[in-house]
Amino acid sequence: MPDMSIPPVTPQDFGAEILRHLKHSLGKDESHAALYDWRMSLSLALRDRVVDPWFESTRKTYEARGKRVYYLSMEFLIGRLIEDVAINLGMEEVAQAALAELGQDYAKIVADEPDAALGNGGLGRLAACFMDSLSTLGIPAYGYGIRYEHGLFEQHFENGAQMETAETWLAQRHAWEFERPEVSYPIHFGGHVDEAEGSPVWHPEETVMASAYDTPVIGWQGRWANTLRLWSAKPITAFDLASFNRGDYMAASAPEALARTISRVLYPDDTTKTGKELRLKQEYFFTSASIQDLLRRFLSEGGDLAELADHVAIQLNDTHPAIAGPELVRLLMDEHGLDVARAISTARRCLAYTNHTLLPEALERWPEELFQSILPRHHRIIQLIEAAHLADSGSAVRIIEHGEVKMGELAFVMAHKVNGVSALHSDLVKETVFADLNRDYPGRIINQTNGITPRRWLYSCNPPLRALINETIGTAWPDDLQQLEGLSAHAGDAAFLDRFQAAKDANKARLADWLKARDGVVLDPAAMFDVQIKRIHEYKRQLMNLLETIALWNEIRENPNGDWTPRVKIFGGKAAPGYVVAKEIIHLINDTAKLINADPATRDLLQIVYPENYNVSMAEILIPAADLSEQISTAGKEASGTGNMKFALNGAPTIGTLDGANVEIRECVGAENFFLFGLTAAEVTARRAEPNYARRAVEASPRLARVLKQIESGVFSPSDKGRYSGLIQGLLDHDYFLVTCDFDSYFEAQRRVDTVFADQAAWTRMAALNTARVGWFSSDRTITGYARDIWTASSLIASRSSRKDVA
Ligand code: F58
């Protein structure tokens, strides 16, 4: 149903809007316009059409005087926006036709847009999917984050090793944002706290300004638009004229350089703890600006602070914004005169915290000394929060302990709800990291299984499958994804399955063309595309995938006339620059690819492909083209996964462990449509307690022992034979992620995959049932759960069923 708020437009009229921007916004004549000019003009013409629904949503929000959701996240991994906006506005065809009439290629323009890569991986991409769903559902919401000047680094391979260079998405103008120089807040750091008339006063040493940039986020069919507000750091005084006049140009721009450092670069480091001080400043910078901004909005509407929690729900995306608790308490006490108990209880009723990891190294802790030197007032407030928590709950869990400020505990204590991101993960959160706090605050921990937006991750990225679904079950599924279940009835229909397979083949051909054009790599589209794309991490076990690849290579060589299923193993992902082992794994994948891809005996049966610089846009090409989805983490380590959902939705069955949301995906698609292997989370824990478990596993598996020996002896690194001896010894000595123990089970599961894949009809049926049965993993369902169980926030647009009545 087209929405009333978007006036229909013809290609001719839209073309005129594009030309108007070309002339008046870009100052270019058609005859001289470059690709960039066309892209900007198209983006601005689309953005124009978002503005009215955006204003309308804001007007309704003010009128309703209801609750606003504030989603605080260090990361929003957005990707490109042209296609996203065009699709949500129902203007994809109009835009294509308008540009065609102007002699321009829409696809080429779309592909010219740089990815907004303001995130590392799943956590950041989840935030972007949530923004899409909040708008689609018509829940008044703001996303708050940092407008990093440089997004996630660009990855290049030099002789197979990862190299990083700075990403420069803002080198060109960013079409989608509105700068708000009038919206800015001072953010203070350092100094000391003293008492004045019995009240503590913070005398900061350093102040920067947080300045707002707004991007409207339009929902499905343009029915609603929320705001993503990103903060950029600016100096309080732009320029030191006295220094300049003395000829000291460096000193003159020092204040600006210092301030800008804070929003300069996204932290790529998800393991080591470097740049601690700057990271803490970034966290406080965007959190304080966001809390000041939401309080200003609330008070400007005449709100009474006693009712703050009826109007404000603040969701903390991991512990990165956990300073929100003490910051809100500080503002309520120091600026608005609430007593400590009321300030804490008011803040807690507003705040909730999402946990995304059980890995101890990823749960933030700050050295107390550092924390106190940067945030002296907050240090005191945390002591007050801790005292209240210990007294009120009888808990023995401290927030500040052994000279560290523990942000997980802080976030937990200051939240009225804490959630994990899959059923298994939430159980483990209760049993492990927060076992004591769970006992002290029963019922506080709940689950909200992650989801993905079907607009980007099916409708937009998979046009052939979109068309088939529309023809088969109608067009109401993009905001009601469980309708996909209607496809199940066609799983026995050979004509439907042929078309399903044809859609997959078209996507595989698109990937092959793209890779050929980009990297000169030639793929066999008839081979199975077996894909593992995600951050490179030991627990995600890209290494196990590679070991299996080498074992398969050995066996093909030994039996070249065997009944082998041709495969292309596709890897994609970046390693944190300081994560040495992850970088070794990347190097080994590339070294192995070089040798295996050149082997004439196996070349037609096995190929390894690792395109550099994996990002959201690459995922949009790889996922629809995948035959098999690799979700092979050590059970108990992947909090949820969201890539797993994207693959299943696009008709790629999973080979995977019982980890994260794999468990729930398997329940939905049926055990017979999922290739399960490996130890369970409980078995992993038990196995780790056994002596020498890795060496014993290797001794029991001649196949694995042989592969490890090959790598260790330099078969894949002939110019530097010892290159991987440390990696392999590490596996034998302390294989914490149980690559060795799960290897045989994984190898065997891959052979089951081969067998089913060889039966084309059986495979396609399995793929189609995956698509049909994963509608529950829409982020619309996830956000509906948060709104119901955590935020008590409502939609301000008519529900889907009542909209139908209207139609
Ligand atoms: C991911 N975490 C989880 N962290 O690993 C994944 O299972 C889950 O599906 C996803 O969150 C969404 O819930 C994740 O992506 C990061 O990238 C952090 C970035 C900042 C430093 C610590 C890791």
Side-chain angles (χ1 to χ4, degrees), residues 71-77 117-130 145-146 148 151-153 265-276 278-280 282-283 286 315-322 353-365 407-408 418-426 428-429 447-453 457 533-541 573-579 582 616 619 631-647 656-657 659-665 681 737 777 779 782-783 785-786:
Y71 196 80
L72 269 60
S73 178
M74 279 290 268
E75 306 193 0
F76 288 91
L77 187 42
L118 310 184
N120 278 293
L123 173 150
R125 184 53 232 175
L126 185 77
C129 284
F130 279 7
I146 298 178
Y148 300 104
L152 185 60
F153 66 86
V265 54
L266 166 80
Y267 269 85
D269 204 345
D270 51 10
T271 52
T272 57
K273 293 186 177 174
T274 51
K276 271 199 183 80
L278 187 55
R279 169 103 183 164
L280 179 57
Q282 285 189 329
E283 295 184 355
F286 98 94
Q315 190 66 36
L316 308 179
N317 195 25
D318 217 292
T319 54
H320 319 141
Y353 152 56
T354 305
N355 173 283
H356 296 269
T357 184
L358 303 167
L359 299 182
E361 69 270 23
L363 273 179
E364 291 182 300
R365 289 156 185 249
M407 302 307 267
V418 174
N419 75 285
V421 289
S422 72
L424 174 67
H425 169 66
S426 296
L428 293 171
V429 168
N447 177 52
Q448 298 293 342
T449 298
N450 283 166
I452 56 172
T453 169
W457 295 112
I533 45 176
K534 47 185 83 246
R535 285 299 286 254
I536 310 300
H537 209 296
E538 287 163 278
Y539 84 80
K540 294 176 188 282
R541 300 199 293 195
K574 299 177 180 178
Y579 190 169
V616 171
Q631 308 301 335
I632 59 177
S633 51
T634 314
K637 290 294 168 202
E638 189 68 88
S640 163
T642 43
N644 46 5
M645 301 165 189
K646 293 166 195 164
F647 280 103
T657 47
D659 200 15
N662 291 355
V663 177
E664 290 151 272
I665 290 174
F737 298 104
F777 296 94
S779 46
T782 312
I783 288 297
Y786 277 80

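Because the structure is a prediction, the values reported are computed rather than measured. First listed ligand is number 1; within each ligand, the first listed atom is number 1.
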**Report entry** Euclidean distance, Tyr539 OH relative to Thr357 OG1, rounded to 0.5 Å
**Finding:** 6.5 Å
Report task. Say whether Thr357 and ligand 1 are in contact under the criterion: heavy-atom distance to a ligand atom below 4.0 Å. Result -> no
Query raised in the report: Are any of the N/O atoms in Val421 less than 3.5 Å from those in ligand 1?
Result: no
Report task. Give a yes or no on whether the backbone of Asn419 and the side-chain of Thr354 come within a donor-acceptor separation of less than 3.5 Å. Result -> no
Query raised in the report: Is any side-chain heavy atom of Gln315 less than 4.5 Å from a side-chain heavy atom of Phe130?
Result: no
Query raised in the report: Does ligand 1 have any atom that is closer than 4.0 Å to a heavy atom of His320?
Result: yes
Query raised in the report: Under 6.0 Å between the ring centres of His320 and Phe286?
Result: no
Query raised in the report: Taking N or O atoms only and a 3.5 Å limit, does Asn450 qualify as a polar contact for ligand 1?
Result: yes
Query raised in the report: What atoms of ligand 1 come within less than 4.0 Å of a heavy atom belonging to Glu75?
Result: 19 (C), 20 (C)
Query raised in the report: Short N/O distance, under 3.5 Å, between Asn120 and ligand 1?
Result: no
Query - Residue selection (non-hydrogen contact nearest atom 15 (O) of ligand 1) among Asn355, Leu359, Leu123 - result: Leu123
Report task. Would you confirm whether Asn120, through its side chain, and Leu152, through its main-chain N or O, come within 3.5 Å as a donor-acceptor pair? Result -> no
Requested in this report: Tell me, with the steps shown, if Ile146 and Met74 meet side-chain contact (heavy atoms from CB on, under 4.5 Å).
Outcome: CA-CA 6 Å; Ile146 298 178; Met74 279 290 268; 3.9 Å; yes
Query raised in the report: What atoms of ligand 1 come closer than 4.0 angstrom to any heavy atom of Tyr539?
Result: 5 (O)
Query raised in the report: Does ligand 1 have an atom that lies less than 4.0 angstrom from a heavy atom of Gly660?
Result: no
Query raised in the report: Between His537 and Ser633, is there a donor-acceptor pair closer than 3.5 Å when you use the side chain of the first and the backbone of the second?
Result: no
Query raised in the report: Does the N or O separation between Ser640 and ligand 1 drop below 3.5 Å for any pair?
Result: yes
Report summary line: For Ala661 and Gly641, the nearest pair of non-hydrogen atoms, with its separation, is CB-O, 4.3 Å
Query raised in the report: N/O of Ala639 under 3.5 Å from N/O of ligand 1, yes or no?
Result: yes
Query raised in the report: Just distances here: any N/O of Gly124 and N/O of ligand 1 closer than 3.5 Å?
Result: no
